[in-house]
Amino acid sequence: MRNIHEPLDRLARVHDGELTDQVSAAGAQALLASIVSGPGATTTAVTAPSPWRLRIPRLAVGALAAGALVAGVILGPGVLGDESATSYANSAIAIELDGDQYVARIKDPFADHAKYTEAFHAVGLDIDLRLVPASPTGVGKFLSIMGKSSGAGPARSTSGGSFPTLEFTPEGCPPDQAGCELTMRVPADYTGSLSLSLGRRAEPGEEYKNPDWATAPGEMFGGVRLQDGRPVDAMLAEARGRDLTVEFSRIRPDAETGALSFEPLPADQVRGDWTVWHAWQVKAGVIRLLVTPERLPENPFEKGARLPS
């Protein structure tokens with residue numbers, strides 16, 4: 001893979017491994033022009049900036065001018081004026097304008113989420129994107145979407161298109177397969193702010209952020225029906241047949257409010273005739289059964305009870 005720091009390594013007296021971001025906007029070009037034409041600055045060759053980076057083959061400037069140039073490349077919009085970039089790239093994500101949409105190509109699904117947010121802000125979108133470990137069927141899907149309007153009315157694009165959308169390249173490739181690239185399309189005129197949680201492949205031992213999907217088709221307890229509750233012994237047999245390790249939590253309903261709390265229990269404190277009301281997937285190969293010693297009048301999870309945040 002090409003070293004993304006290589007263009008900056010050629011700057012006189014500046015070698016900073018932290019300077020990884022590139023921005024393309026008219027303001028950045030203006031700053032570059034003002035530096036290389038200022039007093040004490042000389043240049044032998046400066047190529048036009050590409051959409052993804054400024055190429056500076058040979059540039060000799062004073063230390064102060066070089067520092068100003070580097071700062072301009074990194075900071076881009078917000079420092080250079082009100083104009084947002086039409087493209088932006090860092091080590092985690094690359095975003096470019098494609099017609100009336102921004103296309104965000106995720107390069108590193110394990111990066112710090114701040115790198116994604118930085119890129120969206122650079123092109124004028126208030127989006128906080130977090131890629132979190134998910135079970136196999138949750139990879140490449142939004143696990144949560146929270147948004148708010150920046151003014152009157154709902155946050156949306158003026159074109160009324162759906163927002164946001166995901167796609168994989170090559171088309172149809174399994175999202176958790178190496179070489180399968182995830183992209184997100186966002187209307188360029190979208191207003192408001194969004195917080196998005198997007199499932200990525202879990203590394204060995206990582207806990208899933210979509211535990212409530214355990215009984216969904218394709219998940220580790222897929223097809224198991226717990227609407228009416230089932231005995232612990234029956235569910236242990238089901239788990240053994242699927243080669244799963246079982247953990248337990250006891251459900252404790254609040255008599256006054258009906259709110260639920262969950263108390264982890266060692267397996268040797270759980271009896272076989274207790275009732276299982278729900279199952280959460282913890283991580284690959286591990287299932288958590290939610291139980292009560294007695295039968296409840298109804299399954300609390302059928303009334304919308306969820307995993308506490």
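In this chain, numbering begins with 1 at the start of the sequence shown.
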Exercise for review: Check whether any side-chain heavy atom of I145 lies under 4.5 Å from a side-chain heavy atom of L194, and answer yes or no.
Suggested key: yes
**Study point:** Partners meeting salt bridge (charged side-chain N to carboxylate O under 4.0 Å, His left out) with E207 (sequence neighbours left out)
**Key:** none
Point to revise | Pairs flagged by side chain to side chain donor-acceptor pair (under 3.5 Å) wherever residues 238-249 is involved - sequence neighbours left out | key: E238-R242, E247-R288, S249-R288
Check your understanding: Say you draw a straight line from CG of N90 to CD of E118; how long is it, rounded to the nearest 0.5 Å?
Key -> 5.0 Å
Practice item. Go through the structure and list residues passing side-chain contact (heavy atoms from CB on, under 4.5 Å) with T275, not counting sequence neighbours. Key: W277, T292, R295
Exercise for review: Report the C-alpha distance between H278 and D212 in whole Å, list the side-chain angles of each, state the deciding distance to 0.1 Å, and finish with yes or no for side-chain hydrogen bond (donor to acceptor under 3.5 Å, both in side chains).
Suggested key: CA-CA 9 Å; H278 200 40; D212 214 25; 2.6 Å; yes
**Study point:** E206: partners by side-chain hydrogen bond (donor to acceptor under 3.5 Å, both in side chains), with sequence neighbours left out
**Key:** R200
Check your understanding: Just by modelled atom types, is the N210 backbone N or O under 3.5 Å from a matching donor or acceptor in the Q281 side chain?
Key -> yes
Review point. Taking atom CD1 of I287 and atom CE of M235, what is their separation to the nearest 0.5 Å?
Key: 10.5 Å
Check your understanding: Looking at residues at least two apart in the chain, or sitting in another chain, which of them share a salt bridge (charged side-chain N to carboxylate O under 4.0 Å, His left out) with R250?
Key -> none
Review point. Honestly curious: do L296 and F248 fall in one hydrophobic cluster under the side-chain, below-4.5 Å linking rule?
Key: no
Check your understanding: Out of curiosity, E96 CD to R105 CZ, how far, rounded to the nearest 0.5 Å?
Key -> 8.0 Å
Check your understanding: With sequence neighbours left out, what residues match E298 under side-chain contact (heavy atoms from CB on, under 4.5 Å)?
Key -> K303
Review point. Between V246 and A239, which heavy-atom pair has the shortest distance, and what is it?
Key: CG2-CB, 3.4 Å
Study note, to complete from the structure: Output for pair (Y190 OH, D100 CG), nearest 0.5 Å, gives 15.5 Å
Check your understanding: If you take all heavy atoms of V270 and V232, which pair is closest and at what distance?
Key -> CG1-CG2, 4.0 Å
Review point. Can you list every salt bridge (charged side-chain N to carboxylate O under 4.0 Å, His left out) pair that touches residues 132-142, not counting sequence neighbours?
Key: none
In residues 123-131, what donor-acceptor pairs under 3.5 Å come from side-chain atoms, sequence neighbours left out?
| unit_1 | atom_1 | unit_2 | atom_2 | d |
| --- | --- | --- | --- | --- |
| D126 | OD1 | H121 | NE2 | 3.4 |
| D128 | OD1 | T117 | OG1 | 3.0 |
| D128 | OD2 | R130 | NE | 3.2 |
| R130 | NH2 | H113 | NE2 | 3.0 |

Exercise for review: Measure the spacing between OG1 of T169 and CD of E181 and express it to the nearest 0.5 Å.
Suggested key: 4.5 Å
**Study point:** Closest non-hydrogen atom pair between P164 and L196, with its separation
**Key:** CG-CD1, 4.2 Å
Check your understanding: Do the side chains of W213 and V224 join up, straight or via other hydrophobic residues, at under 4.5 Å, putting them in one cluster?
Key -> no
Point to revise | side-chain contact (heavy atoms from CB on, under 4.5 Å) partners of Q269, counting only residues at least two apart | key: L265, P266
Practice item. Only counting residues at least two apart or in another chain, list the ones meeting side-chain contact (heavy atoms from CB on, under 4.5 Å) with L166. Key: F142, L182, M184, L198
Practice item. Measure the CD1-OG1 distance between I95 and T86 for me, rounded to the nearest 0.5 Å. Key: 11.5 Å
Review point. If you group Ile, Leu, Val, Met, Phe, Trp and Tyr by side-chain heavy-atom gaps below 4.5 Å, do F262 and W274 land in one group?
Key: no
Point to revise | D273: salt bridge (charged side-chain N to carboxylate O under 4.0 Å, His left out) partners, not counting sequence neighbours | key: R271
Check your understanding: Does any N or O in the side chain of D98 come within less than 3.5 Å of the main-chain N or O of V103, such that one atom is a donor and the other an acceptor?
Key -> no
Exercise for review: Grab the two heavy atoms, one from M220 and one from L244, that are nearest each other, plus how far apart they are.
Suggested key: O-CD1, 3.7 Å
Exercise for review: Check for a donor-acceptor pair, side chain of Y208 on one end and backbone N or O of A284 on the other, with a separation under 3.5 Å.
Suggested key: yes
Point to revise | Same apolar cluster: W280 and L260, side chain cutoff 4.5 Å | key: yes
**Study point:** Exercise: identify the closest heavy-atom pair between F168 and G140
**Key:** CZ-CA, 3.6 Å
Revision key, fill the gap. Residues at least two apart in sequence or cross-chain that pass salt bridge (charged side-chain N to carboxylate O under 4.0 Å, His left out) with D233, listed by chain then number, are none
Check your understanding: Should V291 and F301 be counted in the same cluster of Ile, Leu, Val, Met, Phe, Trp and Tyr side chains packed under 4.5 Å apart?
Key -> no
Review point. Which heavy-atom pair separates A134 from G199 by the least distance, and what is that distance?
Key: CB-CA, 3.8 Å
